[in-house]
Amino acid sequence: MIAFVSGPVAALAPTTAVIEVGGIGMAVQCTPHTLAGLRVGKEARLATSLVVREDSLTLYGFADDDERQVFELLQTASGVGPRLAQAMLATHSPDALRLAVSTGDEKALTAVSGIGKKGAQKLLLELKDRLGEPVGAHIGQQGAGAPASGWRDQLQAALIGLGYASREADEAVNAVAPQAEAAVAEGAAPPVPQLLRAALQTLNRAR
């Protein structure tokens, strides 16, 4: 298992970071929250989890070991693969997920793209004794517990990390604001991954 990768950031894409390790570029799948903390040319250290399939080897990267551990624990639930586990961590911090599971917060799980009402109920039952209690750090840093405007900071940081100017990032964030506000009005967390894709489409049309 590759426990972590460390080295300069060679490239950034909407869902991937390339970290140079010993002259080799390692493509690592990351959430927008993790990508937002990276800059091309700067040193980075990402905790990683290698997912092996018959036809692929995919490396997933995380800001810290706790996030990786939760990623792997989520996949012990039936029906949860690496992509859904990553989507859950893109929407909620590890502690926000622990809090949601420990309190039976069905709405927090249905805020994740790909999880419906029945799926959320099943996950709450399966994960109840696996994730543990919130440890206190980063509760609400992202996801449902975050301030309504928290998505703006995450999205802007991710766009700037991808090489866009602050002005372009501001315009793209404003363009997708109605989508985020609609989610908040329904009591859900703004879906940062979907908002990032929409923002990038806006920027591409503007060029």
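The first residue in the sequence is number 1, and the count goes up from there.
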Student: Which pair of heavy atoms, one from Gly79 and one from Leu84, lies closest together, and at what distance?
Tutor: O-CD2, 4.0 Å

Student: Shortest non-hydrogen contact from Leu127 to Ala77?
Tutor: CD2-CB, 3.9 Å

Student: So Val18 and Val28, do their side chains get closer than 4.5 Å, heavy atoms only?
Tutor: no

Student: Between Thr110 (side chain) and Gly116 (backbone), is there a donor-acceptor pair under 3.5 Å?
Tutor: no

Student: Determine yes or no for a side-chain-to-main-chain donor-acceptor pair under 3.5 angstrom, with Thr16 supplying the side chain and Leu12 the backbone.
Tutor: no

Student: Using a 4.5 Å cut-off on heavy atoms from C-beta on, say whether the side chain of Leu124 contacts that of Glu106.
Tutor: yes

Student: Look up atom CG in Leu35 and atom OG1 in Thr15, then write down how far apart they are to the nearest 0.5 Å.
Tutor: 7.5 Å

Student: Atom CD of Gln29 and atom CZ of Phe62: how far apart are they, to the nearest 0.5 Å?
Tutor: 10.0 Å

Student: Under 6.0 Å from the CZ atom of Arg39, do we count more than 12 heavy atoms belonging to anything else shown?
Tutor: yes

Student: Quick one, Arg167 with Glu171, criterion side chain to side chain contact (heavy atoms under 4.5 Å, CB included). Give me CA distance, side-chain angles, the key distance, then yes/no.
Tutor: CA-CA 6 Å; Arg167 179 183 57 78; Glu171 291 175 353; 3.2 Å; yes

Student: Atom NZ in Lys122, atom CG in Leu109: separation rounded to 0.5 Å?
Tutor: 13.5 Å

Student: Are Thr76 and Arg130 close enough that a side-chain donor and a side-chain acceptor fall under 3.5 Å?
Tutor: yes

Student: Is there a path from Leu125 to Leu73 through hydrophobic residues (I, L, V, M, F, W, Y) whose side chains come within less than 4.5 Å of each other?
Tutor: no

Student: Are Leu74 and Leu97 side-chain neighbours, meaning at least one heavy-atom pair lies under 4.5 Å?
Tutor: yes

Student: Answer with yes or no whether the side chains of Ser78 and Glu126 bring together a donor and an acceptor at under 3.5 Å.
Tutor: yes

Student: When you look at Leu46 and Cys30, which way does the side chain to side chain contact (heavy atoms under 4.5 Å, CB included) test go after all the steps?
Tutor: CA-CA 9 Å; Leu46 296 176; Cys30 303; 3.9 Å; yes

Student: Side chains of Ser6 and Met26, heavy atoms from C-beta outward: is any pair under 4.5 Å?
Tutor: no

Student: Could you tell me whether a side-chain N or O of Ser93 sits under 3.5 Å from a main-chain N or O of Leu89, the two making a donor and an acceptor?
Tutor: no

Student: If you take all heavy atoms of Leu38 and Ala44, which pair is closest and at what distance?
Tutor: CD2-CB, 3.7 Å

Student: With a cut-off of under 6.0 Å to the ring centre and 45° to the axis, is Arg68 in cation-pi contact with Tyr60?
Tutor: no

Student: Kindly indicate, with the supporting measurements, whether the criterion salt bridge (charged side-chain N to carboxylate O under 4.0 Å, His left out) is fulfilled by Asp170 and Arg152.
Tutor: CA-CA 9 Å; Asp170 286 340; Arg152 285 182 173 272; over 6 Å; no

Student: For the residue pair Leu200 and Pro14, what are the closest heavy atoms and their distance?
Tutor: CD1-CG, 3.2 Å

Student: Mind running side chain to side chain contact (heavy atoms under 4.5 Å, CB included) on Val70 and Glu67 for me, showing each step along the way?
Tutor: CA-CA 5 Å; Val70 171; Glu67 196 172 64; 5.9 Å; no

Student: Do Phe4 and Asp65 pass the side chain to side chain contact (heavy atoms under 4.5 Å, CB included) test, and can you show the C-alpha distance, the side-chain angles, and the key distance before you say yes or no?
Tutor: CA-CA 9 Å; Phe4 71 89; Asp65 292 336; 5.8 Å; no

Student: Work out which heavy atom in Ala120 is nearest to a heavy atom in Ile115; give both atom names and the distance.
Tutor: N-CG2, 3.6 Å

Student: Just one of Asp95, Thr103, Val101 clears the side-chain contact (heavy atoms from CB on, under 4.5 Å) bar with Leu99, so which one?
Tutor: Thr103

Student: Quick one, Leu196 and Val176 - any side-chain contact, counting heavy atoms below 4.5 Å?
Tutor: no

Student: For residues Leu123 and Val80, determine if any side-chain heavy atom of one lies less than 4.5 Å from a side-chain heavy atom of the other.
Tutor: yes

Student: Roughly how far, to the nearest 0.5 Å, is CD of Gln75 from CE of Met88?
Tutor: 10.5 Å

Student: State, to 0.1 Å, how close Pro94 and Asp66 come at their nearest heavy-atom pair, and which atoms those are.
Tutor: CB-OD2, 3.5 Å

